[in-house]
Trainee: 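First the structure, which I've put down as structure tokens, then a few questions once you've had a look.
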Amino acid sequence: MEKKANVMDGSAMRRAITRIAHEILERNKGFESLMLVGVKTRGVPIAKRLQERIKEIESVEVPIGELDITLYRDDLTHEHSEPQINETNLQESISGKKIVLIDDVLYTGRTVRAAMDAVIDQGRPSQIQLAVLVDRGHRELPIRADFIGKNIPTSHEEIVTVDLEEIDHQDAVSIYQK
């Protein structure tokens, strides 16, 4: 793959996360009944960063959860090796909560659909909202993000990567040509 462009650096990502944190608080009229749930793998560190920003803004620690959607994916087949199942870890019950699902890139919408199924299997939230760092378009399902760090129009031949300090030792969003 050939790198086509660097779209966001660490400071642009910090600004986007700060803006998303403010938007989440504004839309939900504060933090009451709010819970942030990161979709593994890269949604989890983004959720933790949002939790930190909200704590800086409101001086309150919003509950956070980690969601593994492996068993809910519609692209798993028995022909491939066994999928690696990770643990779903929610700090508290999601019933009656306003859940903000958090992921790195929104593309076809299939990951989000799987995440919603996984959340609903854990309880009955009052709402499910979606926050993504990058929306690259090309939906296959009628799903849209409520909070977006950056819209990046792409072609199907391009790949958007999100590198996070916690996993990749750098913060960056890049576009690669297949």
Side-chain angles (χ1 to χ4, degrees), residues 13 16-17 19-54 61-78 80 82-154 156 159-162 164 166-167 173:
M13 288 173 69
I17 288 170
R19 186 178 66 256
I20 291 170
H22 281 282
E23 290 173 0
I24 288 170
L25 290 167
E26 185 175 324
R27 172 153 322 152
N28 292 289
K29 295 174 178 50
F31 50 84
E32 291 297 316
S33 300
L34 196 62
M35 184 173 188
L36 307 175
V37 178
V39 178
K40 289 190 175 179
T41 298
R42 283 175 174 73
V44 173
I46 295 170
K48 289 177 181 173
R49 291 180 188 190
L50 282 166
Q51 181 189 43
E52 290 170 10
R53 290 294 186 284
I54 289 171
E61 193 160 306
V62 174
I64 193 168
E66 299 178 4
L67 191 65
D68 178 38
I69 62 162
T70 305
L71 293 178
Y72 296 89
R73 295 189 59 90
D74 62 4
D75 59 355
L76 289 180
T77 65
H78 296 291
H80 300 296
E82 288 295 312
Q84 182 175 349
I85 310 299
N86 297 304
E87 183 180 352
T88 289
N89 179 15
L90 303 174
Q91 288 182 355
E92 54 188 63
S93 170
I94 64 166
S95 293
K97 295 273 172 85
K98 295 177 191 173
I99 301 300
V100 181
L101 282 175
I102 299 159
D103 205 3
D104 58 347
V105 178
L106 177 56
Y107 181 35
T108 62
R110 293 185 179 278
T111 298
V112 175
R113 186 214 44 89
M116 288 190 301
D117 289 345
V119 163
I120 290 168
D121 273 358
Q122 299 292 320
R124 191 174 194 296
S126 66
Q127 285 183 27
I128 299 176
Q129 300 168 9
L130 176 62
V132 295
L133 186 61
V134 174
D135 184 345
R136 63 169 291 190
H138 304 289
R139 237 47 102 240
E140 294 175 2
L141 299 172
I143 290 174
R144 65 165 181 78
D146 299 286
F147 313 103
I148 302 167
K150 186 167 184 74
N151 285 294
I152 302 174
T154 62
H156 287 290
I159 295 172
V160 175
T161 63
V162 174
L164 298 172
E166 298 88 338
I167 298 167
V173 176

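Position 1 is the first residue of the sequence; numbering continues from there. For the numbers below, each heavy atom of this structure counts, side chains included, while hydrogens, waters and symmetry mates do not.
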Trainee: Among residues at least two apart in sequence or on other chains, which ones pass salt bridge (Lys or Arg N to Asp or Glu O under 4.0 Å) with R53?
Mentor: none

Trainee: Would you list the atom pairs, donor with acceptor, under 3.5 Å between side chains in residues 145-152 and any protein atom, with sequence neighbours excluded?
Mentor:
| residue | atom | partner | partner atom | Å |
| --- | --- | --- | --- | --- |
| D146 | OD1 | R27 | NH1 | 3.2 |
| D146 | OD1 | R144 | NH1 | 3.3 |
| D146 | OD2 | L130 | N | 2.8 |

Trainee: Not counting sequence neighbours, which residues clear salt bridge (Lys or Arg N to Asp or Glu O under 4.0 Å) with E52? List them please.
Mentor: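 Per chain and number, E52 pairs via salt bridge (Lys or Arg N to Asp or Glu O under 4.0 Å) with no residue.
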
Trainee: CG of L36 to CD of E61: how many Å apart, nearest 0.5 Å?
Mentor: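 The CD atom of E61 is 10.5 Å from CG of L36, to the nearest 0.5 Å.
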
Trainee: Who pairs with R139 by salt bridge (Lys or Arg N to Asp or Glu O under 4.0 Å), at least two apart in sequence or on another chain?
Mentor: D135

Trainee: What residues, two or more places apart in sequence or in another chain, satisfy side chain to side chain donor-acceptor pair (under 3.5 Å) together with E23?
Mentor: none

Trainee: Going by the rule side chain to side chain donor-acceptor pair (under 3.5 Å), which residues pair with Q51 if we only count those two or more places apart in sequence or in a different chain?
Mentor: none

Trainee: What residue pairs, at least two apart or across chains, pass salt bridge (Lys or Arg N to Asp or Glu O under 4.0 Å) with a residue in residues 115-131?
Mentor: R113-D117

Trainee: Apply side chain to side chain contact (heavy atoms under 4.5 Å, CB included) to V44 and list each qualifying residue two or more places apart in sequence or on a separate chain.
Mentor: K40, K48, E66

Trainee: Going by the side chain to side chain donor-acceptor pair (under 3.5 Å) test, which pairs reach into residues 95-106, not counting sequence neighbours?
Mentor: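 Every pair satisfying side chain to side chain donor-acceptor pair (under 3.5 Å) with a residue in residues 95-106: E92-K97.
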
Trainee: Applying side chain to side chain contact (heavy atoms under 4.5 Å, CB included), can you list everything that pairs with E26, at least two apart in sequence or on another chain?
Mentor: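 Result, side chain to side chain contact (heavy atoms under 4.5 Å, CB included) vs E26: none returned.
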
Trainee: Among all residues two or more places apart in sequence or in another chain, which pass the side chain to side chain contact (heavy atoms under 4.5 Å, CB included) test with I120?
Mentor: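 For I120, the residues satisfying side chain to side chain contact (heavy atoms under 4.5 Å, CB included) (neighbours in sequence not counted) are I128.
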
Trainee: For T108, give me all partners under side chain to side chain contact (heavy atoms under 4.5 Å, CB included), at least two apart in sequence or on another chain.
Mentor: R110, E140

